[in-house]
Amino acid sequence: MKEHFRVCGYATGEIEEKKSRFIAHVFPIESEEEALLYIEEIKKKYWDARHNCFAFVLGENNEIQRFSDDGEPQGTAGKPILEVLNGNSLQNTLIVVTRYFGGTLLGTGGLVRAYGGASKEGLRNAEIKQGCAGVYFTLSTDYNSIGKIKYILGQMNVNPEAEEYGADVRITIAMPKEDFAKLESQVVDATSGKAQFSEIEERPFYRKVESFL
């Protein structure tokens, strides 16, 4: 699985070019139907705007890609938004850019820069998570070994998703697949093979990104 990014929630950003306002709205989406609902929502809210242009990508390999210039010259709005999404490896993301016309024509190049710039501004204000191939599993151990395991997890910056204390300790963990073999080796060595790995499942792992763009 290639490294990719997703947004965690709605975000917005705005730029101004020659008195035209470009307001970007960023949404996480899971289906084309959801994307279309958000687009209609923005169009209703900003009904007095000259244009509400958009682009979105869906799927693990961005199999679904849609964009619209919404009345702007062909290729000057929706496509630049889409290029921002694809150029930054974003998945399952919709960006709608609302334009309030300021009275001055920007020209083809100016529109491309404005719609792309507004999209980037919206993403700068968004909470982004980075995705990669991941492993989810349960680690079971006795109480004598939990301290050693917690130390190893801390050294590898792995935060347990859940912990259950009963006859033994069961820890639910999600982490990048590339680090799993190292963790398994260290835990086995530290506990003399007593710790047990179970319910191992491979699926995308996500972690927050501190800075994006």
Below 4.5 Å, heavy atoms only, C-beta onward: do [X] and [Y] meet side chain to side chain?
{"X": "Leu183", "Y": "Met175", "answer": "yes"}
{"X": "Phe54", "Y": "Asp70", "answer": "no"}
{"X": "Asn86", "Y": "Val57", "answer": "yes"}
{"X": "Phe22", "Y": "Tyr100", "answer": "no"}

[atom1] ([X]) with more than 12 external heavy atoms under 6.0 Å:
{"X": "Tyr10", "atom1": "OH", "result": "yes"}
{"X": "Arg113", "atom1": "CZ", "result": "no"}
{"X": "Gln74", "atom1": "CD", "result": "no"}
{"X": "Lys177", "atom1": "NZ", "result": "no"}

Basic-acidic side-chain contact under 4.0 Å: [X], [Y]:
{"X": "Glu17", "Y": "Arg99", "answer": "no"}
{"X": "Glu14", "Y": "Arg21", "answer": "yes"}
{"X": "Lys150", "Y": "Glu163", "answer": "yes"}

Pick out which of Ile95, Val96, Ile81 makes a side-chain contact (heavy atoms from CB on, under 4.5 Å) with Cys53.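 Of the listed options, the one satisfying the test is Ile81.
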If we count only N and O atoms by modelled type, under 3.5 Å, do the side chains of [X] and [Y] hold a donor and an acceptor together?
{"X": "Thr98", "Y": "Asn52", "value": "yes"}
{"X": "Gln91", "Y": "Asn62", "value": "no"}
{"X": "Tyr115", "Y": "Glu72", "value": "yes"}

Same apolar cluster (I L V M F W Y, side chains within < 4.5 Å links), [X]/[Y]:
{"X": "Val97", "Y": "Leu106", "answer": "yes"}
{"X": "Leu153", "Y": "Tyr165", "answer": "yes"}
{"X": "Met156", "Y": "Ile173", "answer": "yes"}
{"X": "Ile200", "Y": "Ile152", "answer": "yes"}

Could you go through the side chain to side chain donor-acceptor pair (under 3.5 Å) check for Tyr206 and Arg6 one step at a time? CA-CA 9 Å; Tyr206 292 95; Arg6 294 190 180 187; 3.2 Å; yes
Which class fits the ring pair Phe180 and Phe197: parallel under 30°, tilted 30 to 60°, perpendicular over 60°?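 Ring orientation, 0 to 90° scale: perpendicular.
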What's the shortest heavy-atom distance between Ile29 and Thr93, and which atoms?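 Closest heavy-atom pair between Ile29 and Thr93: CG1-N, 3.8 Å.
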What are the two closest heavy atoms between His4 and Cys132, and how far apart are they?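 Distance-wise, the nearest heavy atoms are CE1-N, 4.3 Å.
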Check: Phe56 ring centre within less than 6.0 Å of Phe67 ring centre: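 Ring centres of Phe67 and Phe56 not closer than 6.0 Å.
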Within the 6.0 Å centroid threshold, strictly below: Tyr46 and His25: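 Centroid distance Tyr46-His25: below 6.0 Å, so yes.
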I'd like to know whether Ser140 forms a side chain to side chain donor-acceptor pair (under 3.5 Å) with Gln196, so could you lay out the CA-CA distance, the side-chain angles of the two residues, the decisive distance to 0.1 Å, and finally the verdict. CA-CA 5 Å; Ser140 302; Gln196 298 296 314; over 6 Å; no
